[in-house]
Amino acid sequence: MTEKTYPWEADLHVKNELQLLISEIYQIDLSLDEIAVSSPPNPEFGDLSTPVAMKLAKAARKSPVEIAQQLADSLQAVHLPYFESFSVTKPGYINAKMDYKRFAGDLLTSIRNMGDQFGNNADGEKKKFVIEHTNINPNKAAHIGHLRNSCLGDTMARLAEKSGFDVEVQNYIDDTGTAVADVVVGLHYLGEKYDGKQRFDYFCWDLYTKVNILYQEDPELEAKQAEVLHLIEEGNNEIAHLAKETSKKIVDCHLNTMARLDVFYKVLTWESDIMKMGFWKHAFARMKDQGGIVYEESGPNKGCWVVKLGDLPEFSNLENPDKILLRSNGTATYTAKDIANQMWKFGILGRDFLYSIYCTQKNGKELWTSDMDGAKMDDFGRADVVMNVIDIRQKYLQDVLRLSLFKLGFEDEADNSIHFGYEVVALSTEAAQELGVEVSDERDIYAMAGRKGIGVKADDLLDRIIEKTTEEVAKRHPEMSAEEQTALGTKIAVGAVRYYMIRYNTNSVIVFDFQEALSLQGNTGPYLQYSYARASNILRKAGADNIEIKMDGLDALSTMADAEKELIKKMVEYPGVIRRGFRDVAPSAVTDYAYSLATSFMSFYEKVPVLSADDDMKSMRLELVAAFKMVMGNVLHVLGIPAPERM
RNA sequence: GCGCCUGUAGCUCAGGGGAUAGAGCAACGGACUUCUAAUCCGUUGGCCGUAGGUUCGAUUCCUACCAGGCGCGCCA
């Protein structure tokens with residue numbers, strides 16, 4: 001092992017060595033995945049352990065303990081870096097004890113040297129990673145379901161960046177759909193005037209609901225929807241202008257809402273521009289040339305252009321597995337437009353938007369937008385990997401999208417199309433009740449419904465939690481000015497909301513509950529922030545920002561307390577967490593880790609004095625605290641959670 | 001009907017072939033002259049949906065069933 005080795009790869013070293021030894025001694029070839037190495041449940045068993053000997057017992061025709069002993073002896077003889085000794089316990093576990101002086105010393109040095117780069121990897125090979133998220137219909141205020149989308153998408157974008165991808169965040173705006181049309185119906189035909197007394201997106205929230213209720217009793221009004229849609233598609237008329245103006249105003253509201261949570265974008269893509277650029281027409285021509293689609297002369301899809309999906313196992317059970325792209329009346333389906341858009345993202349459409357700068361965002365970065373009056377640019381799309389963040393109800397359509405690409409001959413692009421599907425946010429009985437929804441004993445969760453105006457608005461939630469956190473700050477820091485209190489309160493509120501939105505497994509519905517979402521204690525964002533603030537405090541009091549912490553104290557590492565070792569072991573996991581979070585598309589893996597890292601530090605904080613320790617010990621512990629602060633800072637950054645120096 | 005997902009403590013959730021199944025909340029009892037108590041320590045609380053199977057070993061994998069959610073348009 002002549003290459004540079006890192007402490008966070010220690011478990012990998014053991015695995016590799018075991019693989020080699022097992023092959024040599026028993027002539028059994030195991031994959032690395034078959035050699036489980038993990039932290040044992042009890043520190044008495046050492047720092048790392050593996051049950052692999054028990055797996056081998058049958059094939060090697062020896063007792064597990066015997067095999068374990070033989071492997072442990074062999075490992076001992078190899079002198080792996082970072083390991084002190086190997087032992088065996090009863091059923092057949094091999095346990096490893098770390099050489100903490102070297103292990104911790106190298107880790108702390110690495111963290112100090114790598115700083116905010118610590119934990120990053122180069123898996124992405126600088127490939128272009130396009131992620132589309134948020135995508136809210138521009139016709140009403142954002143609600144907490146949209147928040148889940150944006151927070152998950154933003155975290156994935158951050159994970160992709162840490163994983164060495166060139167990341168482009170897109171926000172697609174469907175400004176030509178029925179949602180916008182409904183609001184336009186209200187504004188134009190109902191003569192509803194916006195008087196500026198409330199926020200425009202809140203006004204539209206109510207108007208959208210009103211229009212949908214009136215549709216039920218007034219078929220003539222409902223017919224206006226189709227009329228409006230038609231006029232929008234035609235363009236260059238009063239209605240189309242009104243639709244665009246309305247959409248833009250709502251998009252601005254959405255951008256403001258998301259900016260409050262530090263969610264930003266690289267480019268906006270407007271459906272109206274997709275239409276004007278003739279993306280679909282162009283895609284259709286390409287598909288026809290390529291022969292990927294067929295015109296049906298008979299059958300249920302008679303007169304339509306379809307993509308044949310029936311021979312794919314995913315669709316073989318469906319009554320009508322083929323997907324219509326062009327209807328018999330000559331218009332394109334939603335899926336067709338989606339395919340064209342996806343082709344654009346990959347740069348295989350042969351067409352591109354024109355672009356201009358939309359605005360400068362709160363993070364100082366420019367936001368671009370597709371724009372018919374803009375300039376030609378080569379910066380956008382042209383992806384190697386495309387991730388679409390859309391809730392799980394879109395799974396079928398996302399499958400159709402991917403497999404259609406495959407069928408059209410874009411096999412690599414199909415492979416690199418990832419649907420990040422997540423379950424929706426619903427309301428608890430209490431939350432539903434608070435919003436005035438009629439509740440019954442028969443159910444305990446209530447779906448949000450834009451058309452009915454049922455939902456918790458994102459900004460309402462934020463306002464409420466900021467009020468609460470600011471109150472708490474005021475209690476703790478009466479010396480601060482009101483502005484400072486609000487600023488800190490806002491940071492904590494952002495931490496609480498973002499953590500709440502991504503901490504759950506994406507397969508499960510979040511049953512939104514105010515009490516839980518507003519909680520600032522226990523397994524919450526503020527807990528992470530508090531651990532960071534506590535570490536900052538120690539360093540500030542030690543004057544560590546000005547003096548250089550010396551590594552001389554590392555001799556003291558041989559007498560590390562358990563709490564210190566636990567903290568070291570937690571920090572060492574971080575690079576693997578980033579890798580796994582991205583690979584498994586699992587932001588919640590990062591929140592889980594962040595929480596356990598914070599817990600380790602809290603435990604250290606309570607048990608191990610830093611400032612009052614002897615000089616050598618103090619120096620070592622300050623280094624440890626500084627390392628923790630760095631790692632926690634990095635984790636918080638991935639999660640998009642502000643890291644306050646004090647709380 | 002077909003397909004996907006979920007079922008773990010009173011509640012909200014982690015874990016995902018391996019040692020005694022973990023957290024938070026709630027309840028109860030402790031710890032602030034101490035590096036900030038948005039914290040920590042302790043107690044109570046589990047047929048890991050049910051039944052089979054695979055395995056040295058299953059809460060984890062497979063099958064069936066039960067319960068719940070979602071999806072399967074020439075809608076967007």
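Remember, predicted model here, so these are calculated numbers, not experimental data. In what follows, chains are A, B, ... by sequence order, proteins preceding strands, each numbered from 1.
- Contact annotation for A:Pro41: base contact, defined as any heavy-atom pair under 4.0 Å involving a base atom.
- Counting to the nearest Å, the C1' atom of B:rC13 and the OH atom of A:Tyr422 are 20 Å from each other.
- By the 6.0 Å and 45° rule, A:Arg148 does not stack over the aromatic ring of A:Tyr422.
- Using a 4.0 Å heavy-atom criterion, one finds that A:Pro300 contacts the bases of the nucleic acid, with or without backbone contacts as well.
- Between A:Phe604 and A:Phe601, the angle of the ring planes lies from 30° to 60°, which puts this pair in the tilted group.
- Separating the CD atom of A:Glu472 from the C1' atom of B:rU39 is a distance of 14 Å, rounded to the nearest angstrom.
- Minimum atom distance to the side chain of A:Cys304 is reached by B:rC74, of the listed B:rA76, B:rC74, B:rU39.
- Residue A:Arg327 places at least one side-chain N or O closer than 4.0 Å to OP1 or OP2 of B:rA76.
- Following rounding to the nearest Å, A:Lys468 (NZ) and B:rA38 (C1') show an atom-to-atom distance of 10 Å.
- A:Asn149 places none of its side-chain heavy atoms less than 4.5 Å from the side chain of A:Asn135.
- For the P atoms, the distance linking B:rG45 with B:rU39 amounts to 25 Å, nearest Å.
- Note on A:Leu397: a base of the nucleic acid sits closer than 4.0 angstrom, heavy atoms only.
- As judged by a 4.0 angstrom heavy-atom cut-off over every strand, A:Ile492 is placed among the base-contacting residues.
- Both distances falling under 3.5 Å, in either a Watson-Crick or a G-U wobble arrangement, place B:rG52 opposite B:rC62.
- Base engagement by A:Leu611 is indicated by at least one non-hydrogen atom pair under 4.0 Å involving a base atom.
- Protein atom CZ of A:Phe315 is 12 Å distant from nucleotide atom P of B:rC72, rounded to whole Å.
- Comparing the C1' positions of B:rG16 and B:rU8 gives a spacing of 12 Å, expressed to the nearest Å.
- Remark: the separation of the P atoms in B:rA58 and B:rC65 is 24 Å, to the nearest Å.
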Would you sort out whether A:Ser404 and A:Lys323 count as a side chain to side chain donor-acceptor pair (under 3.5 Å), showing the intermediate values? CA-CA 8 Å; A:Ser404 296; A:Lys323 186 67 201 173; over 6 Å; no
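- Applying the Watson-Crick and G-U wobble criteria (two distances, each under 3.5 Å), B:rC72 pairs with B:rG1.
- The distance from atom CD1 of A:Ile324 to atom P of B:rA76 is 11 Å, rounded to the nearest whole Å.
- Distance A:Asn505 CG to B:rA14 P: 5 Å, rounded to the nearest Å.
- Base pairing analysis places B:rA9 opposite nothing; no Watson-Crick or G-U wobble pair with both distances below 3.5 Å involves it.
- Within 4.0 Å (heavy atoms only), A:Tyr605 reaches at least one base atom of the nucleic acid.
- Rounded to whole Å, the distance from CG on A:Asp513 to P on B:rA26 is 13 Å.
- Each of B:rC40, B:rA23, B:rA76 was ranked by its minimum atom distance to the side chain of A:Tyr595; first place goes to B:rA23.
- As judged by a 4.0 angstrom heavy-atom cut-off over every strand, A:Val473 is placed among the base-contacting residues.
- Nucleotides B:rG22 and B:rC48 are separated by 12 Å at their C1' atoms, to the nearest Å.
- Near-neighbour residues of RNA chain B inside residues 52-62 of chain A, defined by a heavy atom below 4.0 Å, number-ordered: A:Met54, A:Lys55, A:Lys58.
- Listed nucleotides B:rC35, B:rA38, B:rA19 differ in distance to A:Ile538; the shortest reach to its side chain belongs to B:rC35.
- Annotated as anti: B:rC61, whose O4'-C1'-N torsion sits more than 90° from 0.
- When heavy atoms are screened at a 4.0 angstrom cut-off, A:Glu606 is found touching base atoms of the nucleic acid.
- One interatomic measurement links the two molecules: OH of A:Tyr530 to P of B:rA38, which rounds to 4 Å at whole-angstrom precision.
- Nucleotides B:rG46 and B:rG15 are separated by 15 Å at their C1' atoms, to the nearest Å.
- Nucleic acid contact class of A:Asn137 (heavy atoms, under 4.0 Å, all strands): none.
- Across every strand in view, B:rU43 sits in a pair with B:rA27 that passes the Watson-Crick or G-U test at under 3.5 angstrom.
- Within the nucleic acid shown, A:Val610 comes within 4.0 Å of at least one base atom, counting heavy atoms only.
- Across all strands shown, B:rC32 remains unpaired; no Watson-Crick or G-U wobble contact has both distances below 3.5 Å.
- Between B:rC28 and B:rU60, the two C1' atoms lie 34 Å apart (nearest whole Å).
- Judged by centroid separation below 5.5 Å and plane tilt below 30°, A:Tyr527 does not stack onto the base of B:rA38.
- At the heavy-atom level, A:Asp338 lies nowhere under 4.0 Å from the strands shown.
- Of the candidate nucleotides B:rU39, B:rG24, B:rU20, B:rG24 has the atom nearest to the side chain of A:Asn523.
- In this structure, A:Lys475 pairs ionically with A:Glu472, as a charged nitrogen and a carboxylate oxygen lie closer than 4.0 Å.
- We find that A:Lys308 and A:Glu296 are joined by a salt bridge, their nearest charged nitrogen and carboxylate oxygen being less than 4.0 Å apart.
- Here A:Arg402 pairs with A:Asp399 in a salt bridge; the nearest charged N to carboxylate O distance falls below 4.0 Å.
- Among the heavy atoms of the strands lying under 4.0 Å from A:Ser49 is at least one base atom, whether or not backbone atoms are also near.
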Apply side chain to side chain donor-acceptor pair (under 3.5 Å) to the pair A:Ser272 and A:Asp175, showing each step before the final yes or no. CA-CA 6 Å; A:Ser272 55; A:Asp175 57 336; 2.6 Å; yes
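- Residue A:Thr331 is classed as having no contact, given no heavy-atom separation below 4.0 Å to the nucleic acid.
- No side-chain heavy atom of A:Thr335 sits under 4.5 Å from any side-chain heavy atom of A:Leu401.
- Put simply, A:Asn507 has a side-chain N or O that comes within less than 4.0 Å of OP1 or OP2 on B:rU6.
- Taking 4.0 angstrom as the limit, A:Arg476 places a side-chain polar atom (N or O) nearer than this to OP1 or OP2 of B:rA38.
- Distance from the side chain of A:Pro526 is smallest to B:rA38 among B:rG15, B:rA76, B:rA38.
- Sorted by first and then second residue, the pairs that involve residues 294-313 of chain A and meet ring-ring contact (aromatic ring centres under 6.0 Å, His included), not counting sequence neighbours, are A:Phe284-A:Trp305, A:Tyr295-A:Trp305.
- At the heavy-atom level, A:Tyr396 lies under 4.0 Å from the strands shown only through sugar-phosphate atoms.
- At B:rC5, none of the side-chain N or O atoms of A:Arg393 fall inside 4.0 Å of OP1 or OP2 (strictly under the cut-off).
- A salt bridge does not link A:Arg464 to A:Glu467: none of the charged side-chain nitrogens sits closer than 4.0 Å to a carboxylate oxygen.
- B:rU33 sits 24 Å from B:rG29 when the C1' atoms are compared, rounded to a whole Å.
- Checked against a 6.0 Å centroid threshold, the rings of A:Tyr530 and A:Tyr527 do not count as neighbours.
- B:rG68 and B:rU63 are spaced 22 Å apart, taking the P atom of each and rounding to whole Å.
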